[in-house]
Amino acid sequence: MSTVRKDGAAPARPGSQGLIPAQPGPGEGEPVRKTTRARSEDEPAADGGEPGAGASVIAGAGPVGRPGERATVRLRDEDAQEPPRYAPEWLQLRESADAAARSPELLDPLRIRLANLPGRPGGLVVHDLGCGTGSMGRWLAPRLDGPQHWILHDRDPYLLHFAAVASPRSAADGSRVTVETRRGDVARLTPDALAGASLVTASALLDVLTREHVEALADACTGAGCPALLTLSVAGRVDLTPGDPLDAEIAEAFNAHQRLDGLLGPDAVTVTCEAFAERGATVRLHPSPWRLGPGQRALTEQWLRGWVGAAVEQRPELRERAGRYLDERLAACASGTLRVTLHHSDLLALPRPKGGTP
């Protein structure tokens, strides 16, 4: 839901058994580009080694099994014309950090809005955009009362399978939670697609959208009078302790990499706030940083590889200095002395209810 996303864990093999744990951890993963550039806030270099060493970096993917291989899960043969996919192992590695970071402060105003909705026999209808393997639903559904029906959207049928199987079964008050899956591109969302929706939600999604995609999302939500809870959008700021003179330069190069091909990257929250506000919605923001320390070493390591790798891809002249920097940072991570605060923002947009007042 963000850039180069944090990764780790051994790659899964399609068709193998035991891929879906009782409470799996995968999270976000909708817009995946047909490119070798990284697109999220923390992704490992594709060869798992020195940044920029001739390897491709794909947003949200996990480490690869062989040098030069894309870290994605394939359902078809190598020649199939399919976009790269987020690796479930990467999403699983980041899920606990995502859950700890999301802002509970936005839930009270959301609950008030949902409580004022006209009653529906089936309860709340929630559209989860770019659901990946469903971490947003596992976090949010147990925090809302009443029966819920979740409609999970993703372009990847493999991830949709994970999301459906591992979805929560009960709400905060014990009410039933049901799910269905829809394969498709969230950039083509329309108000008609949200007819009857109580809520739209997404995680780590906005920063991998374009301005046009965000405006289409705002059009769809406001046109349907549907609130939107959009979490974990990267803010473009990273704090590392202890500091290093190269921190700022790596961060600047990484942020530039995020904006390639018209993607919003760290500008996503500002653009989204403006888009919803221009359409009459009330917008609330709250910080939702990752705070990584010794207890998140695997995640921190994979984030470092991706963060530095994307920076080097953007600015190849950094390669030599960045290689030394990465070695030193990985050593600090392994020793438990490195702390990372990766800044995100959560956004709640409350459009005017359709046919009524806020």
Side-chain angles (χ1 to χ4, degrees), residues 1-3 28 30-31 40-41 98-99 101-117 124-131 136-137 139-140 143-144 153 186-187 189-191 193-195 197-237 255 258-259 262-290 342-358:
M1 220 36 317
S2 33
T3 50
E28 303 54 50
E30 165 53 40
S40 187
E41 76 207 64
D98 287 349
R102 289 191 187 98
S103 169
E105 290 83 357
L106 296 180
L107 294 184
D108 281 345
L110 174 61
R111 292 186 185 107
I112 292 170
R113 168 58 66 87
L114 295 178
N116 290 329
L117 291 175
L124 299 176
V125 177
V126 184
H127 288 254
D128 186 359
L129 308 182
C131 68
M136 187 64 179
W139 181 82
L140 183 58
R143 288 170 167 81
L144 299 177
H153 299 254
V186 300
L189 198 67
T190 65
L194 296 181
S198 310
L199 172 66
V200 166
T201 190
S203 191
L205 175 68
L206 295 179
D207 41 280
V208 291
L209 299 181
T210 65
R211 181 180 292 271
E212 291 73 20
H213 295 156
V214 164
E215 290 179 348
L217 173 61
D219 280 338
C221 291
T222 56
C226 180
L229 178 64
L230 308 170
T231 69
L232 295 174
S233 297
V234 295
R237 294 182 292 115
N255 288 340
Q258 282 197 300
R259 296 182 176 106
L263 300 189
L264 291 172
D267 307 318
V269 171
T270 298
V271 171
T272 305
C273 286
E274 292 173 350
F276 274 96
E278 287 169 358
R279 290 159 177 79
T282 299
V283 181
R284 298 171 182 254
L285 287 177
H286 204 278
S288 53
W290 273 9
L342 193 69
H343 294 275
H344 305 94
S345 295
D346 288 0
L347 182 155
L348 175 64
L350 300 173
R352 298 187 182 97
K354 196 170 184 181
T357 58

[X] pairs by side-chain contact (heavy atoms from CB on, under 4.5 Å) with which of [options]?
X      : options                        : result
Pro351 : Thr222, Val283, Val200         : Thr222
Met136 : Leu232, Leu229, Val126, Leu129 : Leu229
Leu285 : Leu106, Val269, Leu348         : Val269

Between [X] and [Y], is any pair of side-chain heavy atoms under 4.5 Å apart?
X      : Y      : answer
Leu199 : Leu140 : yes
Arg259 : Pro266 : yes
Leu189 : Leu194 : yes
Arg111 : Leu114 : no
His344 : Ser233 : no
Pro104 : His286 : no

Flag for Ser288-Asp346: side-chain donor and acceptor within less than 3.5 Å: yes

Heavy atoms of other groups near Arg279 CZ, more than 12 under 6.0 Å: yes

For Glu274 and Thr272, what are the C-alpha separation, side-chain angles and deciding distance, and is it a side-chain contact (heavy atoms from CB on, under 4.5 Å)? CA-CA 5 Å; Glu274 292 173 350; Thr272 305; over 6 Å; no

Could you measure the distance from the [atom1] atom of [X] to the [atom2] atom of [Y]? Nearest 0.5 Å is fine.
X      : Y      : atom1 : atom2 : value
Leu263 : His213 : CG    : NE2   : 8.5 Å
His127 : Ser198 : NE2   : OG    : 8.5 Å
Thr231 : Leu205 : OG1   : CG    : 9.5 Å
Phe276 : Leu350 : CZ    : CG    : 10.0 Å
Glu212 : Leu217 : CD    : CG    : 13.0 Å

For Trp139, is there any backbone N or O sitting under 3.5 Å from a side-chain donor or acceptor partner on Arg143? yes

Taking all non-hydrogen atoms of both residues into account, name the closest pair between [X] and [Y] and its distance.
X      : Y      : result
Ala224 : Pro191 : CB-O, 4.2 Å
Cys221 : Ala228 : SG-CB, 4.1 Å
Pro227 : Arg113 : CG-CG, 4.0 Å
Thr190 : Ala220 : C-CB, 3.7 Å

With side-chain contact (heavy atoms from CB on, under 4.5 Å) as the criterion, how do Val234 and Leu206 come out once you've worked through the C-alpha distance, each side chain's angles and the decisive distance to 0.1 Å? CA-CA 8 Å; Val234 295; Leu206 295 179; over 6 Å; no

